[in-house]
Amino acid sequence: MYIIFLGAPGSGKGTQAAYVAQELNLVHIASGDLFRQAVEQGTELGMQVKSYMEKGVLVPDQVTIQVVLERISAPDCEPGVVFDGFPRNLKQAEALDKALVQKAKAIDKVVYIRVPEEELIKRLSGRWVCRNCQTPYHAIDSPPKVWGRCDKCGGELYQRPDDTVEVVKKRLEVYFAQTAPLIGYYNRPGKLLEMDGKGSVAEVGERIIAALQQASV
Ligand code: ADP
Ligand code: ZN
């Protein structure tokens with residue numbers, strides 16, 4: 001089973017992708033998390049991608065595609081994968097299709113989470129993320145029980161350096177120009193599931209699980 005999560009920065013796709021992966025026993029692969037880990041660890045990959053992420057623009061396809069395809073070849077990905085943040089443009093989508101064809105596999109479902117633009121900006125500007133397990137919180141909508149600490153693992157919460165107003169604007173611009181066209185690319189009946197992203201994390205999560213179950217019968 002291969003599922004892609006599509007949605008703007010702030011749509012909740014990371015949270016929902018993690019939830020669905022856990023519910024369906026699939027591996028959650030978030031390209032942004034892979035890159036942030038590399039930056040934090042100061043690896044060669046980290047040094048390559050840092051400046052792009054700081055500006056809110058896409059890391060070059062060649063680098064991104066290699067990192068993700070390598071990750072999905074690992075044995076733990078055999079049962080299937082939930083992709084979060086990848087593919088992010090047409091070239092990446094085509095590279096993924098090609099790699100899956102070689103494994104006699106294909107993308108089963110694409111979950112597109114729709115959220116109005118004003119809401120995206122509001123969500124991103126109050127976002128805090130666990131440094132350890134990546135769980136996101138919102139200063140007003142979903143604050144942690146203890147300020148600055150993750151409810152799940154006690155890790156330290158921090159604000160992503162690319163969650164500043166200017167970089168958020170750039171990321172949204174890049175999303176609408178390069179990633180949103182993928183909705184058309186995957187738009188086949190029974191494949192693309194368009195989901196309303198309004199509501200609590202639990203509500204949206206239940207909605208997605210229900211839609212995935214319905215679509216597979
Ligand atoms: P968000 O969706 O909230 O913007 P991500 O964590 O998915 O956050 O991505 C953060 C940054 O990592 C992006 O702005 C981009 O620089 C880089 N990145 C992540 N995934 C990709 C990708 N598939 N292709 C190119 N760059 C990517
Ligand atoms: Zn945590």
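Basis for what follows: all heavy atoms, side chains included, without hydrogens, waters or symmetry-related copies. The first residue of the sequence shown is numbered 1, and numbering continues consecutively from there. Ligands are counted one by one from 1 in listed order, and the atoms in each one are counted from 1 as well.
In this structure, atom 20 (N) of ligand 1 lies nearest to the protein heavy atom Ser31 OG, 2.8 Å. Nearest to atom 26 (N) of ligand 1 among the protein's heavy atoms is Val59 N, 3.0 Å. Scanning the protein for heavy atoms near atom 12 (O) of ligand 1, the closest one is Met53 CE, 3.3 Å. When hydrogens are left out, the protein atom nearest atom 5 (P) of ligand 1 is Arg88 NH2, 3.6 Å; that is the closest non-hydrogen contact.
Residues Gln134 and Asp33 have side chains that never bring a donor and an acceptor to within less than 3.5 angstrom of each other.
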| task | Could you walk me through whether Tyr112 and Leu193 pass side-chain contact (heavy atoms from CB on, under 4.5 Å), step by step? | result | CA-CA 6 Å; Tyr112 163 48; Leu193 304 177; over 6 Å; no
| said: Using salt bridge (Lys or Arg N to Asp or Glu O under 4.0 Å), reason through Lys169 and Glu166 one step at a time and then give a plain yes or no. | reply: CA-CA 5 Å; Lys169 279 201 186 132; Glu166 310 85 79; over 6 Å; no
| request: Could you go through the side-chain contact (heavy atoms from CB on, under 4.5 Å) check for Lys191 and Lys109 one step at a time? | output: CA-CA 5 Å; Lys191 184 165 190 171; Lys109 301 288 169 205; 5.8 Å; no
| salt bridge (Lys or Arg N to Asp or Glu O under 4.0 Å) assessment of Lys50 paired with Glu54 | CA-CA 6 Å; Lys50 189 165 187 268; Glu54 281 169 353; 3.0 Å; yes
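Each of the following atoms of ligand 1 lies closer than 4.0 Å to a heavy atom of Arg127: 3 (O). Close approach of ligand 1 to Pro9 (heavy-atom distance below 4.0 Å) involves ligand atoms 1 (P), 2 (O), 3 (O), 4 (O). Remark: ligand 1 atoms within the under-4.0 Å shell around heavy atoms of Arg36 are 6 (O), 10 (C). The ligand atoms of ligand 1 that sit less than 4.0 angstrom from a heavy atom of Phe35 are 17 (C), 18 (N), 19 (C), 21 (C), 27 (C).
With a heavy-atom cut-off of 4.0 Å, Glu54 does not touch ligand 1 at all. Only the backbone of Val57 comes within contact range of ligand 1, with a heavy atom under 4.0 Å; no side-chain atom does. With a 4.0 Å cut-off on non-hydrogen atoms, Thr64 touches ligand 1 through its side chain and not its backbone.
By heavy-atom distance, the residue among Arg160, Lys50, Lys13 lying nearest atom 2 (O) of ligand 1 is Lys13.
Note: an N/O pair closer than 3.5 Å links Arg171 and ligand 1 by distance alone. Where the criterion is an N or O separation shorter than 3.5 Å, residue side chain and backbone included, Gly85 meets it with respect to ligand 1. On a distance-only criterion, Gln92 and ligand 1 share at least one N/O pair closer than 3.5 Å.
Remark: at the Zn ion (ligand 2), atom SG from Cys150 and atom SG from Cys130 enclose 110°, rounded to the nearest 10 degrees. An angle of 120° is found at the Zn ion (ligand 2) between Cys153 atom SG and Cys133 atom SG, rounded to 10°.
Between Asp97 and Lys105 there is no salt bridge, since no side-chain nitrogen of the basic residue lies less than 4.0 Å from a carboxylate oxygen of the acidic one. For Arg71 and Asp76, the salt-bridge test passes: some basic side-chain N is under 4.0 Å from an acidic carboxylate O.
Between the side chain of Arg88 and the main chain of Gly85, a donor-acceptor pair closer than 3.5 Å is present.
Taking 4.5 Å as the limit, every side-chain heavy atom of Arg114 sits out of range of all side-chain heavy atoms of Lys198. Residues Asp141 and Lys122 are in side-chain contact: their nearest non-hydrogen atoms beyond the backbone lie under 4.5 Å apart.
A 6.0 Å sphere centred on CD of Gln159 holds more than 12 heavy atoms belonging to other residues, nucleotides or ligands.
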